[in-house]
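Hydrogens, waters and symmetry mates are skipped; everything else that's a heavy atom, side chains included, is used.
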Amino acid sequence: MRKLMMAVTAVAGMSLVVTGCSKRDNVESQRQDVAEAQAEAQQETAEIRQDAREDIASTQMEAQEDIAGTQREAADEIASAQQDVQDERQDLAEAEADRRTDLNDDMALGGSGAAGATAAASSVSGRVLSTGNDELTVVDTSNNKQLELKTNDQTRILHNNQPLKLDDIEEGAQVRASYVRDGKDMVVRELTVTQPVQKKK
């Protein structure tokens, strides 16, 4: 009987050992599964981070290229605008030069009065002694000297801002004349009758 009990005890002990070994195997297997899952998770995390870094780098590169392109376009537009301004200035300078040339040509072709316009103008106030043949003689009231003045197509003759002809000016009329020297001649640019001759009633 004691031997039977010992045999039963031995079998039970072996059963416990076998059960214990089986549980240890299961725990080890689970630990291995957990380790593998962690390794896979770490690998996936590393790959995700790598992809994210690559996406960020690509986005930054594209943004830099866009910025560089925009800056180049802006620089081109500024250069074009500056060139337009330079062209306008050149055109203005040429137009002014042409105007000066045309003015000089007109003065050169305008007869003795225009040619004399290059000289400084003088003026005289006095009394008319005589008129005729595009000429008039004036006595300067400041020094009582006689001046022989000539007129031409450019001469303006006025009275009360109304145009007159030289023949309309009578002897004794008070006049003011602006003239320039053309060689020996004194050519009238503008002649204003300040006081016409009072006709007798």
Side-chain angles (χ1 to χ4, degrees), residues 1-123 152-156 158 161 163 178-182 187 189-190 192:
M1 183 69 177
R2 194 176 58 180
K3 289 182 180 180
L4 179 60
M5 290 297 295
M6 291 178 62
V8 171
T9 302
V11 171
M14 290 179 63
S15 177
L16 289 174
V17 171
V18 171
T19 301
C21 290
S22 177
K23 288 183 178 180
R24 282 197 300 271
D25 291 341
N26 289 337
V27 171
E28 186 64 29
S29 176
Q30 289 177 355
R31 287 179 178 173
Q32 188 172 355
D33 292 341
V34 170
E36 291 177 356
Q38 289 178 341
E40 290 178 359
Q42 291 175 352
Q43 180 66 26
E44 290 177 358
T45 301
E47 291 176 356
I48 291 171
R49 290 177 177 174
Q50 180 65 27
D51 292 341
R53 284 195 293 268
E54 292 176 356
D55 290 341
I56 292 172
S58 176
T59 301
Q60 289 176 342
M61 180 65 69
E62 291 175 357
Q64 289 174 353
E65 290 176 355
D66 291 341
I67 293 172
T70 301
Q71 289 175 340
R72 284 194 298 270
E73 291 176 0
D76 292 341
E77 290 177 359
I78 292 172
S80 178
Q82 289 175 341
Q83 184 62 44
D84 290 342
V85 171
Q86 185 65 27
D87 292 341
E88 291 294 336
R89 288 178 178 173
Q90 182 67 26
D91 292 342
L92 178 60
E94 292 176 358
E96 290 179 347
D98 291 341
R99 183 179 63 81
R100 287 194 296 270
T101 300
D102 292 341
L103 180 61
N104 291 336
D105 292 343
D106 291 342
M107 292 172 62
L109 298 174
S112 60
T118 57
S122 301
S123 62
N152 59 20
D153 293 339
Q154 280 74 42
T155 301
R156 296 177 60 200
L158 303 171
N161 292 324
S178 173
Y179 64 91
V180 294
R181 290 192 175 275
D182 182 16
V187 182
R189 297 173 64 181
E190 184 171 300
T192 301

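Once rounded to the nearest 0.5 Å, the distance linking CD of Gln38 with CZ of Arg31 reads 12.5 Å.
A side-chain contact (heavy atoms from CB on, under 4.5 Å) with Ser80 holds for exactly one of Ile78, Asp76, Asp84; it is Asp84.
Taking the side-chain hydrogen bond (donor to acceptor under 3.5 Å, both in side chains) definition, one finds that Gln43 meets it with Glu47, sequence neighbours left out.
A 6.0 Å sphere centred on CG of Asp66 holds more than 12 heavy atoms belonging to other residues, nucleotides or ligands.
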Which pairs would a plain distance check flag for residues 49-64, meaning a side-chain donor or acceptor within less than 3.5 Å of a matching protein atom at least two apart in sequence or in another chain?
from	atom 1	to	atom 2	distance (Å)
Gln50	OE1	Arg53	NH2	2.9
Gln50	NE2	Glu54	OE2	3.1
Thr59	OG1	Asp55	O	2.8

